[in-house]
Student: 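Before we start, here is the structure in question, set down as C-alpha cells.
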Amino acid sequence: MAVKELPFTQEELMKIIQEHSTPFHIYDEQAIRKNAQRLKEAFAWAPEFKEYFAVKALPNPHILKILKEEGFGADCSSLAELVLAEKVQITGENIMFTSNNTPAEEFQKARELSAIINLDDISHIEYLEEHAGIPEIISFRYNPGPLRSGGNAIIGNPEDAKYGLTKEQLFQAYEKVRDKGARRFGLHTMIISNELNPNFFIETAHMMFDLAIELREKLGIHLEFVNLGGGIGIPYRPEEEPVDLEYLGEGVRKAYEEKIRPAGLDPLKIYLECGRMVTGPYGYLVTKVLHKKDIYRQYVGVDASMSDLMRPGLYGAYHHITVIGKENWERDHVYDVTGGLCENNDKFAIERNLPLIDIGDILVIHDTGAHGHAMGFNYNGRLRHAELLLRIDGSVKMIRRAETLEDYFATLDFQDLD
Ligand SMILES: *Cc1c(COP(=O)(O)O)cnc(C)c1O
C-alpha cells in the first residue's frame with residue numbers, strides 16, 4: 001500500500017505537541033504554496049487565469065493571506081466569508097460571491113466590496129436590483145440538468161441539485177440584466193465534487209465553451225469569463241492518485257483552441273473556485289489516544305471528536321490515519337477510532353486495520369485541510385480545537401486558538417435565572 005507522507009518527523013511533532021497540546025489541526029504552508037503554484041502553472045496558457053479559493057474549505061485569514069500572496073482570489077458565499085476576505089484585503093473582482101438563497105445584506109456587502117456577484121437564480125435579479133442594485137459585471141450559475149457528456153458518460157446528477165439556473169432561464173437572465181444596465185458578463189457552473197477524474201472537468205469546459213458561443217450567437221452576449229467552479233478531488237485513500245493538473249490544464253487549453261478561438265471569443269478568462277484541492281491534503285488533525293475499550297469491537301478513544309472533523313460521521317468519508325512511531329508496524333489490529341460525543345457517528349474510522357495502539361499514542365488524521373475544522377460544531381458542548389501553521393522555516397504559529405468554555409457560554413445569559 002502506498003504511504004501517506006507527513007511534513008514532520010516524529011521528533012519534530014513531539015516538540016510541537018510539547019508547546020501546543022493535542023488535539024489540533026496543523027497546515028503545511030510550503031506544500032500549500034507549491035500546490036498553488038502548480039495549479040497556476042497548469043493554466044498559465046489561459047488569459048488572466050484566476051483561482052478563487054473557496055473560503056468555506058478553510059476560513060482562516062492566515063491561510064487566505066498565503067493564498068492571496070500566491071495570486072488567488074476568494075470565493076465567498078456568506079457574510080462572514082466576505083468579511084474574512086475583506087480582512088485580508090482581498091476585495092473587488094478578486095472576490096467571487098457565489099451564494100445561494102442569499103439574504104439582502106449579503107448582496108449589499110458584496111456590492112460594497114465590488115465583488116463579482118454570481119447569481120444562483122433568475123428571481124434573484126429583481127431581488128438584487130431592489131436591495132443592492134445591478135452591478136456592471138454579473139455572472140450566473142448554470143445547472144445543466146440531466147446531463148450526458150462525450151456520448152454517454154454521466155457526469156453527476158445536477159438535476160437533483162438545488163443550485164443554478166436552467167439553460168432556458170440563463171438566456172432570459174442575461175437579456176434581463178443587460179436591459180437593466182449590466183455590461184460585463186460571466187458564466188459559472190459547479191456540477192461535480194471531490195472528483196478525481198480530470199476528464200469530467202475537461203468535459204465541463206467543453207460544455208461551458210459551447211454555451212459561451214451560443215450566448216454570443218443568440219443574444220450577442222460576449223462573456224468575459226467562464227468559471228468552471230471547484231470540485232477537484234483529492235486522494236483521501238493511499239491507493240488513490242491526485243488529479244493530474246497539467247493534464248487538466250492542457251485538456252482545457254485544447255477545448256479553448258478548438259472552440260473559443262475559432263468562434264472569435266478569445267480572450268475569455270478562465271476561472272476556478274476550488275477549495276478542497278488547494279488546502280485539503282496539507283492539513284492534519286493531530287490527536288492523542290485517551291482510552292481503549294474492548295467490547296464487541298475494539299475501540300480507540302482519542303481527544304479529538306466530530307467537532308474537529310465531521311466528514312467521517314457526516315458522509316462516511318475515509319480519512320487515513322498514521323500512528324506516530326508505528327508507521328512501519330504491521331496493521332494487524334482492527335479498531336474503531338472514536339471521539340467522545342454521545343453520538344455513535346462520532347468516529348474517525350470504522351473497523352480500520354491499524355497497528356497495535358496504546359494509550360498515549362499520537363494519531364495523525366490526514367487530509368483535514370479542507371472542510372475539516374471549518375465544518376466543526378459544538379453539539380454536546382464539545383469545543384473546537386486550535387489551528388496551527390507549519391511555516392516554511394519549520395517554525396509553528398498558532399493561527400486560531402482552541403475554544404474555551406467561555407466561548408461556548410458567550411451567547412447565554414446566566415443572569416435572571418430565578
Ligand atoms: C464548495 C464550493 C466550491 C469548492 O468546492 P471544492 O470541492 O472544495 O473544490 C466552489 N464553489 C462553490 C459554489 C461551492 O459551493
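Source: prediction; values computed, not measured. Just follow the structure's listing: the first ligand is 1, and inside any ligand the first atom is 1. For the numbers below, each heavy atom of this structure counts, side chains included, while hydrogens, waters and symmetry mates do not.
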Student: What atoms of ligand 1 come within less than 4.0 Å of a heavy atom belonging to Arg141?
Tutor: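 In order of number, 13 (C).
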Student: Taking all atoms of both residues into account, what is the closest heavy-atom pair of Asn199 and Asn197, and its distance?
Tutor: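 What the structure gives for the nearest pair is N-OD1, 2.8 Å.
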Student: Does NZ or CZ of Arg352 lie under 6.0 Å from the centre of the six-membered ring of Tyr335, at an angle within 45° of the ring axis?
Tutor: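 The answer is no, since Arg352 fails at least one limit relative to Tyr335.
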Student: With no hydrogens and no angle check, is any side-chain donor or acceptor of Glu51 less than 3.5 Å from a backbone partner on Gly73?
Tutor: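 Between the backbone of Gly73 and the side chain of Glu51 there is no qualifying donor-acceptor contact (under 3.5 Å).
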Student: Donor-acceptor pair, Asp308 side chain versus His385 backbone, under 3.5 Å?
Tutor: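 Present.
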Student: Can you tell me which portion of Met277 lies within the under-4.0 Å heavy-atom range of ligand 1? Options are side chain, backbone, both, or neither.
Tutor: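 It is neither; nothing of Met277 touches ligand 1.
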Student: Nearest protein heavy-atom contact for atom 3 (C) of ligand 1: which residue, which atom, what distance?
Tutor: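 Looking at atom 3 (C) of ligand 1, the protein heavy atom closest to it is Lys56 NZ, 3.4 Å.
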Student: At less than 4.0 angstrom from any non-hydrogen atom of Gly275, what atoms of ligand 1 do you find?
Tutor: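 Answer, ordered by atom number: 4 (C), 6 (P), 8 (O), 9 (O).
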Student: Counting each atom of ligand 1 from 1 as listed, which ones have a heavy atom of His371 under 4.0 Å away?
Tutor: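 Checking each atom against His371, I get 8 (O).
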Student: Under 4.0 Å from a heavy atom of Cys274: give me the atoms of ligand 1 that qualify, with their elements.
Tutor: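 Per the distance check, 9 (O).
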Student: Testing Tyr52, Phe49, Tyr271 one by one against Phe225 for a ring pair (Phe, Tyr, Trp, His ring centres under 6.0 Å), which residue passes?
Tutor: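 Single ring pair (Phe, Tyr, Trp, His ring centres under 6.0 Å) partner of Phe225 among Tyr52, Phe49, Tyr271: Tyr271.
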Student: Quick one: does NZ or CZ of Arg311 land under 6.0 Å from the six-membered ring centre of Tyr236, within 45 degrees of the ring axis?
Tutor: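 Judged by the rule, Arg311 and Tyr236 form a cation-pi pair.
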Student: Enumerate the atoms of ligand 1 whose separation from the nearest heavy atom of Gly231 is less than 4.0 angstrom.
Tutor: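 Matching atoms, with element in brackets: 5 (O), 6 (P), 7 (O), 9 (O).
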Student: Identify, for atom 8 (O) of ligand 1, the protein heavy atom at the shortest distance, and state residue, atom and that distance.
Tutor: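 Of the protein heavy atoms, Arg276 N, 2.7 Å lies nearest.
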Student: Quick check on contacts: which atoms of ligand 1 are under 4.0 angstrom from a heavy atom of Met190?
Tutor: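 Listed by number with element: 2 (C), 3 (C), 5 (O), 10 (C), 11 (N), 12 (C).
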Student: Please list, in number order, the atoms of ligand 1 under 4.0 Å from a heavy atom of Asp75.
Tutor: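 Here the atoms of ligand 1 in question are 10 (C), 11 (N), 12 (C).
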Student: Check this for me: does any side-chain nitrogen of one of Glu403 and Arg384 sit under 4.0 Å from a carboxylate oxygen of the other?
Tutor: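 Salt bridge between Glu403 and Arg384, a charged N being under 4.0 Å from a carboxylate O: yes.
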Student: Where is the nearest protein heavy atom to atom 10 (C) of ligand 1: which residue, which atom, and how far?
Tutor: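 Result for atom 10 (C) of ligand 1: Glu273 O, 2.9 Å.
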Student: Under 4.0 Å from ligand 1, counting heavy atoms only, is it the side chain of Ala54, its backbone, both or neither?
Tutor: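 Side chain only.
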Student: Could you tell me which non-hydrogen atom of Glu5 sits nearest to which non-hydrogen atom of His366, and how far apart they are?
Tutor: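 Residues Glu5 and His366, closest heavy atoms: O-CE1, 3.7 Å.
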